[in-house]
Amino acid sequence: MFEVLQNDMLAPNVHRMVIRAPRIAKARQPGQFVIVHPESGGERIPLTIGDADPQAGTITLFIQAVGASTLKIVNTPVGDSLRDIAGPLGKPTEIEKWGRVACIGGGLGTAVLYPLAKALADAGNEVTTIIGGRSKPFIILADELKTFSKELLIATEDGSLGQKGFVTNVLQELIDAPDKRPHAVFAIGPVPMMRAVAEQTRPFGIKTIVSLNPIMIDGTGMCGGCRVKVGDETKFACVDGPEFDGHLVDFGLLMDRLSMYRETEAKILSELPEELRDKIIKVKR
Amino acid sequence: MNKKLTSKDRMAIERVKMPEQDPKRRNSNFEEVNQGLTEEQAIREAQRCLLCKTRPCVAGCPVRVRIPEFIAALAEGDLPEAARILLEENTLPAVCGRVCPQETQCEKVCVRGSKGSPVAIGYLERFVADWALAHPEKLPKENKPEPTGKKVAIVGSGPAGLTIAGELARMGHAVTIFEALHDTGGVLRYGIPEFRLPKRIVDIEVERLKNLGVEIECNVVVGKTVTLEELREEFDAVFIGNGAGLPIMLNIDGENLKGVYSANEYLTRVNLMAAWREDVPTPIIHGKRVAVIGGGNTAMDAVRTSKRLGAERSIIVYRRTEVEMPARNEEIQHAKEEGIEFILLASPIEILGDENGWVKGLLCQRMKLGEPDASGRRRPVPIEGDTFVLDVDVVVNAIGTRANPLLTATAPDLKLNKWGNIETDDNGATSLPGVFAGGDIVRGGATVILAMGDGKSAAVAIDKYLNQKN
């Protein structure tokens, strides 16, 4: 059992949870994830580890409630426990010194981006961070990201915070400015966003790394459910990823496979008690 | 009463038939197919054993159960004694009595088989094991051994890990099992379906180990959560029994379409994650027409599962003929009774998709048998130009698994063979001192009982190693 020590809501349905998991805290490196199985009979949900404190034996997870199981996780009060957490899984981020780096986070992806951007800054990169969201309440971790970013830029679809528009509008301005054009881009967020960023950087030959979150069960390479096409190869995101070269990922296939259980998910949601169901904001993945 | 039975009397008894759930009913539920013998049936079957001097059955058993002895006690109606003898050599008899391929092991060499049918050793094992599970109070209390002060880590709680844990705990060693998934049992839990091996049996066997003092920690992925090196520092010896958890892909077009599963994923969703239960949120595609590729026990499990999930047509697609199928005959016959179709001498060449990325068909190549290959089975060769399309909406790939590199990738000094399996000597010792291994991570895809046999012999080797280490 894994005790919840802290549970804060950062944005509508986006929670930051600090959980006691000493073994994982000790082994974890940036870019790795865990699989959370909140209760007997529940689903196994992959979640990126936002932060870890090996001394305290804790990990920090950022979770967005998008379905029955994630809703169950975010509604676990402090003092209660999650049944199972396995990890750290996946390959750690390869932190290199690129020079100028743009770190782009969309929605919950910003939380996944946070440890990565921090590690890149610590390695001596000049980090410009771009975060995007639907509107002001969906912009998370701006203050935390600001502490190590050379510049923090925000884009919201309704213009309620930062620039009106998408992260790609902001990125284009960087690419167009000779003294700002990034040497590498890290983009983490909804699949359409990552795809748009990858298409945007491709003509300029800017290395673009994305972090994928396909449907997964065991997280150890056993089931192959998380397979993605990268270049000519089929890769398992759980053991070969989750980070891949954005210019090689088949995003269409990824989106398609993510929709595999849409009907079942809708049915499960429709069977939830109304007050719970209302809490879930449908988010395009 | 038994003593009065002459050999002639014994020879006159016909082999018992296992009571089974009606195929028409069982192919839509997940209850056990084989219902188990009654006590009367079991005793009568036990009386068929000639108690021959050569005892070939014992040598035919990978864990060397003293078969004639337990059967003799059963024939006398002495169930506590039969159970005691059985449990002496076999940690998981209720599992083995259900999933062991007895027909290629103990029963294959039974002298009664030379003229007629062998004694139904597997059915009797199951009967005695089930009786023991139901009557723990009638079994002799296990004496807790004197603790040796030695600590052993076991990686994986499948058949190899559970067996060696029991053996080592009975020798007085402190045993901790590390399991990667959220529940115990390995392939017994995620792979073998409820209708062949009810999960309550795995639960009881695991509980019994815990009562022996075995510690089990789930959610520990050795190679990720902890490394083999860390285990070696903390424990006096390590046994690796983490299985063959990596699906071999088909590598044909259409493999990433929606509705294509590896057997591992399909069965894990249904067995470990209980997707067959209405009250559980685990999603699974309920195919109307399901093709399962392969001819092993896993293929039979997957295809029979698809039928139970409501498929109108559930089809095995296999590139050789029934004779070459690695699946147990019983599984093949059960599948046929349940309405499973067999398309033999056919090999998939492409999975076809519709405009929305869902499976709509399986393009197959007709095959014929050619010359025998390295395995001694006749090699299937394509009949040029002879292809056909199967109209299906779910495809399950059950062609096999190989070694999962998660652990071994982080242990560069551990010697592997060219397929990534761990190399060991006959006692399970690896190239690293104090590190032993067994089951599918050593053998590739094999059976539950061979994994248990490995666990058993490695337990003896580890005990010896720990004593020498003093």
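- Neither the backbone nor the side chain of Arg28(A) comes within contact range of chain B; no heavy atom of the residue lies under 4.5 Å from a heavy atom of that chain.
- With hydrogens and angles left out, the side-chain atoms of Thr184(B) and Arg189(B) include a donor and acceptor closer than 3.5 Å.
- Most heavy-atom pairs under 4.5 Å with chain A, from the set Asp183(B), Val226(B), Thr282(B), Ile285(B): that is Ile285(B).
- Between the side chain of Asn13(A) and the main chain of Gln64(A), no donor-acceptor pair closer than 3.5 Å is present.
- Residue Arg227(A) touches chain B through its side chain alone, counting heavy-atom pairs closer than 4.5 Å.
- Here the closest heavy-atom approach between residue Gly252(A) and residue Arg195(A) is recorded as N-NH1, 3.5 Å.
- The backbone N or O of Trp358(B) sits nowhere less than 3.5 Å from a side-chain atom of Asn356(B) that would complete a donor-acceptor pair.
- Listed options Gly42(A), Gly221(A), Ser259(A), Ala27(A) were ranked by heavy-atom pairs under 4.5 angstrom with chain B; first place goes to Gly221(A).
- Without hydrogens or angle criteria, Glu179(B) side chain to Leu181(B) main chain gives a donor-acceptor distance under 3.5 Å.
- Residue Glu217(B) touches chain A through its side chain alone, counting heavy-atom pairs closer than 4.5 Å.
- Side chain of Lys288(B) to main chain of His286(B): no donor-acceptor pair is present (N/O by atom type, distance under 3.5 Å, no hydrogens or angles).
- Judged purely by atom type and a 3.5 angstrom limit, Asn7(A) uses its side chain to pair as donor or acceptor with the backbone of Val74(A).
- Residues of residues 267-276 of chain B that come within less than 4.5 angstrom of chain A, heavy atom to heavy atom, are Thr268(B), Arg269(B), Met273(B) in numerical order.
- By the neighbour-count criterion of 12 heavy atoms within 6.0 Å, atom CD of Glu3(A) is densely surrounded, having more than that number from other residues, nucleotides or ligands.
- Note: Pro247(B) leads Gly357(B), Gly259(B), Pro247(B), Gly223(B) in heavy-atom pairs under 4.5 Å with chain A.
- Looking only at distances, a side-chain donor or acceptor of Ser262(B) sits under 3.5 Å from a matching main-chain atom of Cys223(A).
- Among Gly225(A), Gly224(A), Pro88(A), the residue with the largest count of heavy-atom pairs under 4.5 Å with chain B is Pro88(A).
- Asp440(B) approaches Asn421(B) most closely through the heavy-atom pair O-ND2, 3.5 Å.
- Thr58(A) places no side-chain N or O within 3.5 Å of a backbone atom of Ile19(A) that could act as its donor or acceptor partner.
- The candidate from Ser40(A), Gly219(A), Gly90(A) with the greatest count of non-hydrogen atom pairs under 4.5 Å with chain B is Gly90(A).
- Within a 6.0 Å radius of NZ in Lys258(B), other residues, nucleotides and ligands contribute more than 12 heavy atoms.
- Using a 4.5 Å cut-off between heavy atoms, Tyr190(B) contacts chain A through its side chain alone, with no backbone atom that close.
- Within residues 79-86 of chain A, the residues having any heavy atom under 4.5 Å from a heavy atom of chain B are, by residue number, Arg83(A), Asp84(A), Ile85(A), Ala86(A).
- For Val260(B), the parts lying near chain A are the backbone and the side chain together; criterion is any non-hydrogen pair under 4.5 Å.
- Residues of residues 396-411 of chain B placed with any heavy atom under 4.5 Å of a heavy atom in chain A are listed by number as Asn404(B), Leu406(B).
- When atom types are taken as modelled, the side chain of His247(A) and the backbone of Val249(A) share no donor-acceptor pair closer than 3.5 angstrom.
- Here side chain to side chain donor-acceptor pair (under 3.5 Å) pairs that include residues 230-243 of chain A, with residues two or more places apart or in two chains, are Thr93(A)-Glu243(A).
- Side-chain contact check for Glu230(B) versus Arg23(A): every heavy-atom pair is 4.5 Å or farther apart.
- Among the candidates His182(B), Lys224(B), Glu265(B), the residue making the largest number of heavy-atom pairs closer than 4.5 Å to chain A is His182(B).
- A salt bridge is absent between Arg277(B) and Glu194(B); no separation between the charged side-chain nitrogens and carboxylate oxygens falls under 4.0 Å.
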